[in-house]
Structure formats: structure tokens, C-alpha cells
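Only heavy atoms go into these numbers, but all of them, side chains included; no hydrogens, no water, no symmetry mates. The first residue of the sequence shown is numbered 1, and numbering continues consecutively from there. Quick caveat, the model's predicted, so the values are computed rather than measured.
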Amino acid sequence: TRGALVEAEELRVVREHRLPTPNFHTHGGGGSGGILSALETTLRNLATAVQTERASDVLAIGHPGPVSPDGVALASPTVLGGEHDIQFDIAGLGRKATGIDRVIVMNDVTAGGYRYVKEGHRDFCMVNVGSGIGNKIFLGGRPVTGAGGRGGEMGHFTVVAGSDAPVCQCGGRGHLAGISSGRGVLQWVLRAQASDPIGYNGSRLAGRQIDSEALVKAFLAGDSWTRGCVEAATAPLSRTVAGIHAIVGIEKFFLTGGFAHALGEEYLAMIASQASVASWNLGQDWNAMLITGRQGDQDGILGLAYAALIHDNP
């Protein structure tokens, strides 16, 4: 979890601090209450670490999941997990943790999108590929969402049907995030290790502990078996991006997130190639339509500050 004190007028980070995010892996034994209690402590400690003598005017929170207009987290699969996931008042949690009255809460991908709005972009789609998958469409510089904050979660769109489809972190089966996110691709590789031992034994991953870091290194080193796994697991994401373009007409996609950034330009080219096959060819250039988001992980921090500056409740 990244906390920062930002001078919104200048969009300048004054001070920044990071702490591990409490989640169902680390605090699941205490149920949802234990995770949320630890999250409150984390927010309090972050606020203490970044505050200066001058009191902050607003607390802006980017949450990894859908958020209602009044600041209620509707789902938090990467934090609470499928077993413990409940709706909770994240705005109220923030007020209690920090003592700041004015609180703005939005989806974290929406927050990141506001950074690109600040840079002058108006019609585009943010696609975040990390531990999960999130997206947000911006039209005219404003995010498109359902009236209850329930829009823009393509990660939990079912792309593979059936009782044997991969299980998502939210507990559902066949969801895009459960297949094409960083964690989803890792699970795909682990399944392929068991189903294709000959291919695995000939790969750079053979005999190694298979984790995200090892997967990324093998991909970047050009290992064909690893790249084949990533390509197969990424295909549903590519088709979904092609569908957004076909339905909405968006021609600019910013790909962000730790997993996407780690795999780099060759991963982007892989998605472009797959998306071009999945969509009607009317002369569009998928390599130009897919854009790597800014390096680093300050999209959300800077986007939140800009959103707080221009909207009372973005």
C-alpha cells in the first residue's frame, strides 16, 4: 500500500511511504474483521509517516475493486479473498484511521486514469494487469461507470465456462483475472508444469521454484515454453480488449500494472497480435493503439491528487 502527501496544485509528491497490504494470505486467520482491522492500522501508520505540520485537506483512496459513490467497497477479492469478501465502508475506515474529514474513494484503476486525463488524454481505456485485472473507460476525460459504482471490472467477466475452469481469487470460475492476471498466469504455468512435464523439463523454469519473478525472467530470456504459457493465458485478455474496441470504439489503451510492466514491450506486442486476430480488420494499428503506461507506480497517487483537485466526488 502506497501512501503519499501530494501538493495537488503542482501535482508534486512531497513525501511517500509504503507498507505491506494486509490481505487474506497474511491475515486470513482473523476473518474479514481481522483483515480490515489490520488495514485500518496500515492507513493510520501511512498517514503518520507522510504527514507534515500542515494538516491535509483531503484523504483520497484508490481501492482495488468496485466502489460505490458514497465510498463503500463493493468487492475486494485481492485483499479479502473470496471466503472473507464483504462490503465495507472504506471512506469511514479512512476517516477513523487518519482523522481527516473529507474523504474521496474510487477504484484504483480509475485513479490511475486521472493522471492521463491531467496529461490531456480524453477518450481511452485503462487496463491494469497486476495481481488482478482492472479497467476503466474514460470518455471526454470522465470515467464511465454504473450509477452504483459497479462498472469497469472486466477482471471478473467470465471468459471460460465450466466446472473445471480456473478458480479466481474471488471464488468464481473462469474469470478473466483468474486466467490472465499476474497470479492467473502463474497458476497457468503451474498447471502446465503438471500437464506438460516434457515441455517444462526443457524450459528455463525446470528445477526452479516457480514464482512470479522466475516466470518474468524466463519470459524476458526468450524461453519458448514459458512464452507459450503466457501467450495462452493472455489470449482471453487480448480478446476482451478487442471486444471493448469493437463495442465502444476506443482506439487508445494504456496498459499498466506490475505484471504488464515487468513483461514489457514484447508482452504488449503479444496482446496486439492476438487482439488483431480477434477483431475485424478495418485498418486499425493495434501496435499503436496499445500503449505502455508510465513506468513506476505513481499513476494512482498522482491521479488521486488531480481528481481530488477537480472534483468533490469524481
**Prompt:** With under 30° as parallel and over 60° as perpendicular, where do the rings of Trp286 and His245 fit, or are they tilted in between?
**Reply:** perpendicular
N/O donor-acceptor pair under 3.5 Å between [X] side chain and [Y] backbone:
X      : Y      : result
Thr240 : Pro236 : yes
Arg95  : Asp101 : yes
Ser37  : Gly34  : no

**Fill in**
In short, Leu237 meets Leu176 closest at the heavy-atom pair N-CD1, 3.4 Å
**Heavy-atom pair of closest approach, residues Arg102 and Ala308** = NH2-O, 3.4 Å
Indicate every side-chain donor-acceptor pair of residues 76-84 with a distance under 3.5 Å to a residue at least two apart or in another chain.
residue : atom : partner : partner atom : Å
Ser76   : OG   : His63   : NE2          : 2.8
His84   : NE2  : Gly28   : O            : 3.3

**Message:** Checking Asp70 against Ser68: is there a side-chain donor and acceptor pair closer than 3.5 Å?
**Reply:** yes
Going from [atom1] on [X] to [atom2] on [Y], what distance comes out if it is rounded to the nearest 0.5 angstrom?
X      : Y      : atom1 : atom2 : answer
Leu268 : Leu263 : CG    : CG    : 10.5 Å
Phe138 : Lys252 : CZ    : NZ    : 13.0 Å
Ser181 : Asn128 : OG    : CG    : 10.5 Å
Leu36  : Thr42  : CG    : OG1   : 11.0 Å

**Request:** Would you list the pairs meeting salt bridge (Lys or Arg N to Asp or Glu O under 4.0 Å) in which at least one residue belongs to residues 30-51, sequence neighbours left out?
**Result:** Glu40-Arg44, Glu40-Lys96
